[in-house]
Every structure is written in structure tokens, then in C-alpha cells.
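Since the structure comes first, as C-alpha cells, the remarks are kept for the end.
By convention here, the first residue in the shown sequence is residue 1. All ligand and atom numbering here is 1-based and tracks the order in the structure. Everything numeric in this text was worked out from a predicted model, so none of it was measured.
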Amino acid sequence: MEKPTEHRQMDNSTQEASPTDGPLKCESELKSKLKRELRCAFEASAKGESPTLLNLIYTDLYIIEGGTAEVNDEHEVRQIEMVSRKSDRQEKTVRQDKIFKGSPGREEPIRTVLTMGVAGIGKTVLTQKYTLDWAEDKANQDIQFIFLFTFRELNLLKEKTFSLVELVHHFFTETKESGICSFEDVQVLFIFDGLDECRLPLDFNNTKILTDPRESTSVHVLLINLVKGHLLPSAHLWITTRPAAANQIPPQFVDMVTEVRGFNDRQKDEYFWKRFRDEEQASIIISHILLSENLHIMCRIPVFCLITATVLECLTINNESRDLPKSLTELYIHFMMVQVRLQKVKDQGSETDPPWSPDSRKMVEVLGKLAFDQLQKGNLIFYESDLTECGIDIRAASVYSGVFTQIFREERGLYQDKVFCFVHLSVQEFLAALHVSLTFINSGVNLLEEKKSWSFKLFGIKHKQKVFYQSAVDKALQSPNGHLDLFLRFLLGLSLQTNQTLLRGLLTQTGSSSQTNQDTVQYIKKKLNENLSTEKSLNLFHCLNELNDCSLVVEIQQALRSGSLSPDKLSPAQWTALVFILLSSENYLDVFDLKKYSASEEALLRLLPVVKASKKVILNDCQLSEKSCEALSLVFSSQSNSVRELDLSNNDLKDSGVKLLSVGVKNPRCKLETLSLSGCLITEQGCTYLASALSSNPSRLKELNLSYNHPGDSGTRMLSALQNDPQWRLEALRVEPAGVQWLRPGLRKYSCQLTIDTNTVHKNLKLSDNNRKVTHVEEVHSYPDHPDRFYFYHQLLCRNDLTGRCFWEVECRGTVNVAVIYKAGRIQDDFEYVFGVNDQSWSLFFSDDAPRSVCHSEKEMSISSSSSSSSVSNRVGVYVDCPAGTLSFYRVSSDTLIHLHTFNTTFTEHLYPGFTVWSPGSSISLCEV
Ligand SMILES: Nc1ncnc2c1ncn2[C@@H]1O[C@H](COP(=O)(O)OP(=O)(O)OP(=O)(O)O)[C@@H](O)[C@H]1O
């Protein structure tokens, strides 16, 4: 929308406009008013302090095109935790002054932009900066009028009627005074900030059509007609909202969705550099934030930067930098204490201990009550009526907001009445938790309990404490949308003795013992074993963190490090711990290979949150079924998925699975670029589902591998036609080899008949059963000498030169090695040549009826006891995919294959199967499959 100023001037001169012209004069007056209103930073400063200039403090935000307007009920802290793990690469970024242009390269005109972002991420500040830049003639000078509205203010007009022109006149009196009654022929931008706060009924289906900007009606009717384009079709519209409310605007009326992601790492640092002119202080603070995962993640949210900056500034000035807070509860306690101290300085001119005064105690109590009552109702913005309802005198509220400027805000809005809110939802949650804790500790009343149970009175304090914290856990778990999750984190954090010590003066006594904390930890661990949703479980992990208990996480971390993780034995709590660890560690997230944990459907379903956050997802040979396809479909349809590459090859998904998967692939949120469905039992029908999904979402997929299926002529034709369609960016489509023989389930479709190379067999190995069985015997056979024969080790090779995909099974008795080797690399003198010990061979060691270890290049890895004991069969399956460079060993249990280990490499020479039969009596038999 931006044009150079000269251009504007040229346009104006051709119209021979004079500055006294109505519209021009009005534009200039409107700009002056907006400059006055928006010059000062949004951050409420204590009354009397000089306000910060918006232009000085403003730091660029990270905005991307294409967030999706889906309902997202997740708490913003959790959302930001997910977002922060995603790389900034590959997103289309939008410059904030070019919001109506979209990302570079976008051509289509944009009338309406919907900008989403979680609470405190900077949406309001963004609209203000955009408007200020316009008012200061710095950008977007082709716009004649910008009218910035907030839903908070529009809510107050709910019962009134206006025409669109009157509404503009009402808020922007300059337009009325200049007699401007028509906006059809000028470039106008309407900004509506905070759709999530809208209390107007926005019914897009049953609202009358209105085309005349001068006709009076209710405000919501005006809004709906503006959005639908009946009113002022040539105007531009910009609506901002938290994600949960985005779906109030039907997508067909939105030309572009953008998402404010807060600060990226560079912008976060820039924020602190701008805020602290003292470089040393800034660098101490930036390094501290880097050290704490919690803070690091949360500082993507600008308002949280404000909280962190306030606390850390105060602690570093007072040389308390050794004890900088690391847990959320600790940080918020400090944040509150900073406000209390500031108040004391203001009241008494200096800071003296103790910081608490009767007034400040009272204030925290009242605000805590308001926070808790409104949190339970789900309210984040309070009007005067809400405050009165909570028993707060409106004059007192103004006093509180004047005092605790960074906790509780009185927002005058740009033009109208007062509204109140906590500076961020998390602050409200903290104060609510503080209120509930204080009430319990100081007076023994459990506010979380609906009915007082008579038996409660009979028990001692320890029992009461136990019940109190456990009932809080239960209550948070019962909430369908997790609205008490962060509250619970704070409540449990406040039960720690160390945190209670920080609150000396507010607490008349301390309220918990380490025994109670231990009981709560145990209770949470028990809950974690109850198959909760991932979100709930993850929150319970954060709670354990706040309680300083990392035992589960440490357990899993150690198991991961030692490679002894045995997934079949993991409890639900341990699964969640694994998810928690994987999600917290950036290293794990680029490539997710399910086989590292367990090649099973159960493991996949447990680890879905990790799948969602990973870029490359490897799920081949994992015995997945339609159920996994359905789950993956949900992953692709979710706003926050990052999956670009998916390998599902060699799972018996069948056409029915492909049908379910296609639902996700079709979704515009699906970002897949590479998909392998090789060897998945797909026929022509499956191709139809895929073709239809891909033609409705044609822009993303670049590579599709359907080899080792049976697409038939028509399936192949259908997909090739799509490939030739210029809309489709498919660069590689693979359908060969194809044929009905690939419809056999499992890896057995790749079976190959092994033939023993009798020239290689050691003289103590007896061949029987038509050369299909090899037994180690005491007697020496008179096999002719041959350069390929093994003379020292009891080994043999097969003749099969392996190519493509091959699978075979072998029955093992006693002590044997099942191996694959480069034949050319075999040395003449086999004295030092045991399969698996060098880099020319890979082997599985089988002994005493169980696979024990795998070995390559002198590296031996034991096979976890669970997988070795879970079957009684002595059969081992070997699968080699030569071009893909994978070699997998399985244990055969009737019809299923239990994955033991996969080697990933690049095979550089011809491969041959081989065996070692170690001790007399041991044997191998090649099986028919
Ligand atoms: N670009 C920015 N530069 C510096 N500080 C910022 C910026 N954006 C936001 N902030 C800080 O974060 C606070 C919250 O931002 P803002 O009110 O714009 O969030 P929001 O996304 O509109 O949140 P909500 O949905 O709760 O209304 C601001 O008061 C300010 O302190």
C-alpha cells in the first residue's frame, strides 16, 4: 500500500488541492491527533513518571503470512512453547509496514487482513506503530485515513445505533468537523484491534445486508457488512485477534491471515539492548535468559520480556545477580516484589525493609481475589461492572492501577471509557494462585473446594495441606480447556519453602512441609500414569519442575543416554517424560525416527507431539495401520505442525489408510514436501484418494514415492497427469517397481531365496536338508580347498548378490551370527575376520535362544532384554534396502516381526548374506517365507 511521498504530492498537485481542502485538512488534523495519542509507549508508567516514546522502545516483531484461522484453545504459554521450537526458516515473513502487501512475490490484491497472535505478543502495539508511522508521514502515504478502533470500545456501543459515517464521526471528531460524509472515493483503512474481546453478536449468516454508509443500524451490523464488503467495498480492513477467536470471521472474507510470533532470538536481544542502555547490564540479562529454558521460551512474548526485564533489572542493580530466578513462580514473585518496593519508594521516598505495608498487602489481596474470581469465569478484561460485581470500589481500582502500573492496568482506550486488565494473563493466573495460597495458609480455607466436607475438620494440618494441593491438581485436570494449568504451576510453586520465604511479610505463617511437597510429587506421578492427554501431562511436568522435582526426567534422560530405553516397558508417565525431553531439546527435533524409541503404533501415538514439532519424520517399517494414518492426518491439519518430510514406507496402510491420510494431506495447513508410501499395499483406489487430495492442495508436495505398490495403469496415469499440471510443483514421482506381487503384507513381499555358497563353508559345518541347514559338528568334512573357504572361523556365505529390497528369515539354534557383508572385502586369511567386527560387515549375535547384540566395525550394541524375551521363536528376519542404505534385524513371532535394530548407512559395494555357527551343536536353517 505504500507509495513514496513524492508520488502522493504529485497526485495531489494534479488535483490542484490546497491544504485547506476538506479531506486534506481533515487528514492532517487526524494525523495530529493520532500522533498525540500514540506517541507515548503503551507501557503504563506510574503516574507522574515521564512516559516512554513508542518509537524509542518499539522493536520489530516477527510476523509470518499464513497462520490459520483455526480455533486454538491452548493457553498462550503452551502455544509459545511450541512455536519457539520451530525454526524461523521456511516461513514467509511479512514486513510490518507492508501488512497489506503480504510476503514478497504475492500479487493478489488484499482487502482484509486478519492478524492473529497470543496474548501480549504485540498485536496492539503493532497496529499503533503502523498508525503512528502513517500519522508521522513515514509510511503508507497512499492511505488517506486510518481509523483505529478497539473492540473494547465498540463493545460499549452495543445497545446504540449508528451509520458507518456516524460511527467514524463519533470516534474521530475531526471528520465530523470537516464535514466529511463520504469515504467511498478515498483510500481508507479500518483497523479493529482485539476481536477476542468482542462482546457484540457477530452472526455472519443472519444479518441483514446494508450497503449505504449513511444508514443507521447496530454496530455489529455495520461491522459484518464492512467485513463482507457490502459497505465500502474499496476500503481496507485489518482485524487483530488472539487465535481462539479467529474463527469468528468466516475465512472467505479474509484475503490474508498473518500471525505475530513475537520476537525471534535477534529481536529479543534487540529489545533488551534498547531497554537497557547500560551494555553490561543488558549482556548479564541476556545471558541469564539464555541459561533458563523457561525464560528463554517465554521471552518470545514481548509482554513477558517486560516482566523479565523489570525483575532482572531490579535484581542486577541490587547486585543480586547470583540468585536470578529460574522457575516461573520465582520470577513472578520477584516481579510483584519489585512493584511493592517501587510503591514503598514512592510513598516514603526510600526503600526500607520490610517492603510490605498494610496498604500494599491489602492491594495484593484485593487484586488476587479479582484475579481468581474472574479466572474461574474465564474473563480477562474487566469493565467497571465486573469490578463492582467482585466487590471492588471503582475508585480504588483506579488507585491500584495507578500504583501497580505493571500488574493491573486501567486502559483508557484511545478515545472512550475505562477498562481494566492484568498486564498479561499469566499475571492474573499468578495473582489468582497467590490468593488461593494465602487464603489457605493464613486461614485454612480451601477455595478450590466446592463443598466443605465435614470430615475435613477432623484431620490435622498435614492432611489438610495434602488434600489442598491434590484437589488443585484434580481441579486443573478437570478443566476441558486447561484454563487452570498455569494457575496450578504457580500454586504448586508457591508451596515451596524457598518461595514462601520470598513472600515474608505477606504470609503470616509458612504453609507447607517438604513432606507435603513429596506427597504432591507422588500424587502427580500417579496422575501421570493415568493416560492423560499430552497437554495435561506436559503441564504436570512443568508442575514437577516448579516443585523442583526432576526425577522422572532424569530417569528417562539417563536411559536415553545409555541406550537402554526399553519402550515396551515405559509407563504412561515415562512416555510423557520422553515427550517432554524430546520437545525441550532442539537437537532431537529436526529428524524424528520412531525406530529409535520403538517401531510400534503405540509408540507413535504416544510421541505424536514430537512428530508434530519435527521436520523430517521417519516411520518406515513400524507396523503402522490405519489408526496411525488417522492420527497423522490430525497432525497435518494442525496449525502448529512442522512436518515437511514423511517416510511411511513398508507399513501395511492399504487404500483405507491412504484415504485417512489424504484427509490431512488435503488440508491447507499440511506442509509436506516429500512423502514416501513405498510398499504400503496401495492400489488404484488409493491413488484416487491421493490424486484428489493433492489436486485440492497442489502447491506443496515435491516428491512422492509410490514404488512397490500396485497402482495399475489408471492410478499411474492419474498421478502422472497431476505431475504435468503446472499448478503442481511435483518434481519427482516414483511408481516403479509396480505390480500385484507387491500387495503381500509385511516385509515378506521382498523375500528372496538364499543359496549357500558351498565353496565358502568351513569344514566343521555340516550341510543338510538340501543345503538349507548348516550345523556345527566335531567331525571335519572333506570339502575341497577353495580360495573363498573360511578355514579359521566357522562361517559361510550365500551366493546371492543383494540388490533392491530383500528379506529372508533364518532359524537359529545355539550360538550364531546372522550377517551381511561386502564379499570383495573378505580377506584370504580369515583369522581376524569375524562378521560384524570390521567395517565390511554387519551382524546380529544370537545365543541361548535369544538375539543378544548387533555389531558393526567393532561397535557392539546390546539388544534390550524386553525385545529379546517377548517372543519364543528362534527365527530372525533380515531386511536390506540396498539403495536406501538400511539393514534391519527382526525377531519373528508367529506372523509379526519384532524390530530389533536398524543400521543406516550407504552401501558402497555388493552385499552378501553370511552366517557364523559358533559352537558344536549350533545351527542355522534357511526358512521358506
Ligand atoms: N514491538 C514491541 N516492541 C517493544 N515492546 C513491545 C512490542 N510489542 C509489545 N510490546 C510489549 O508487550 C506488551 C503487550 O503488547 P500488546 O498489548 O500489543 O499485546 P497484544 O498482542 O495486543 O495482547 P492482547 O491479546 O493481550 O491484547 C506491550 O505493552 C509492550 O510492553
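Which parts of ligand 1 touch Tyr271 is read off a 4.0 Å heavy-atom cut-off, strictly below it: atoms 4 (C), 5 (N). Ligand 1 places these atoms under 4.0 Å from at least one heavy atom of Arg242: 24 (P), 25 (O), 26 (O). Which parts of ligand 1 touch Gly122 is read off a 4.0 Å heavy-atom cut-off, strictly below it: atoms 8 (N), 9 (C), 15 (O), 16 (P), 18 (O), 19 (O), 20 (P), 21 (O). In the vicinity of Ile57, heavy-atom distances shorter than 4.0 Å reach the ligand 1 atoms 3 (N), 4 (C). Below 4.0 Å from some heavy atom of Leu61 lie the following atoms of ligand 1, by number and element: 1 (N).
Residues forming a ring pair (Phe, Tyr, Trp, His ring centres under 6.0 Å) with Phe272 (at least two apart in sequence, or on another chain): none. Applying the ring pair (Phe, Tyr, Trp, His ring centres under 6.0 Å) rule to Phe162 yields the partners His170; only residues at least two apart in sequence or on another chain are considered.
Distances between N or O atoms of Leu126 and those of ligand 1 include no value under 3.5 Å. Below 3.5 Å of separation, one finds an N or O of Gly120 facing an N or O of ligand 1. Residue Gly117 has no N or O atom closer than 3.5 Å to an N or O atom of ligand 1. In terms of polar-atom proximity, defined here as any N/O pair under 3.5 Å, Lys123 does make such a contact with ligand 1.
Nearest-heavy-atom check against atom 22 (O) of ligand 1 across Ile301, Leu306, Thr124 picks out Thr124. Summarising the contacts of atom 12 (O) of ligand 1 with Thr115, Thr59, Val303, the nearest heavy atom is found in Val303.
Between the side chain of Thr258 and the backbone N or O of Ile64, no donor-acceptor pair lies under 3.5 Å. The closest donor-acceptor contact from the side chain of Asp196 to the backbone of Thr241 lies at 3.5 Å or more, if one exists at all. Using a distance-only test at 3.5 Å, with no hydrogens or angles considered, no donor-acceptor pair links the side chain of Lys123 to the main chain of Val260.
For the ligand labelled ligand 1, residue Gly194 lies outside the 4.0 Å heavy-atom shell.
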Exercise for the section: Mind running salt bridge (Lys or Arg N to Asp or Glu O under 4.0 Å) on Lys377 and Asp373 for me, showing each step along the way? Expected result: CA-CA 7 Å; Lys377 292 189 203 159; Asp373 289 354; over 6 Å; no

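A side-chain donor-acceptor contact under 3.5 Å links Thr329 and Glu546. There is no side-chain donor-acceptor pair under 3.5 Å between Gln96 and Asp133.
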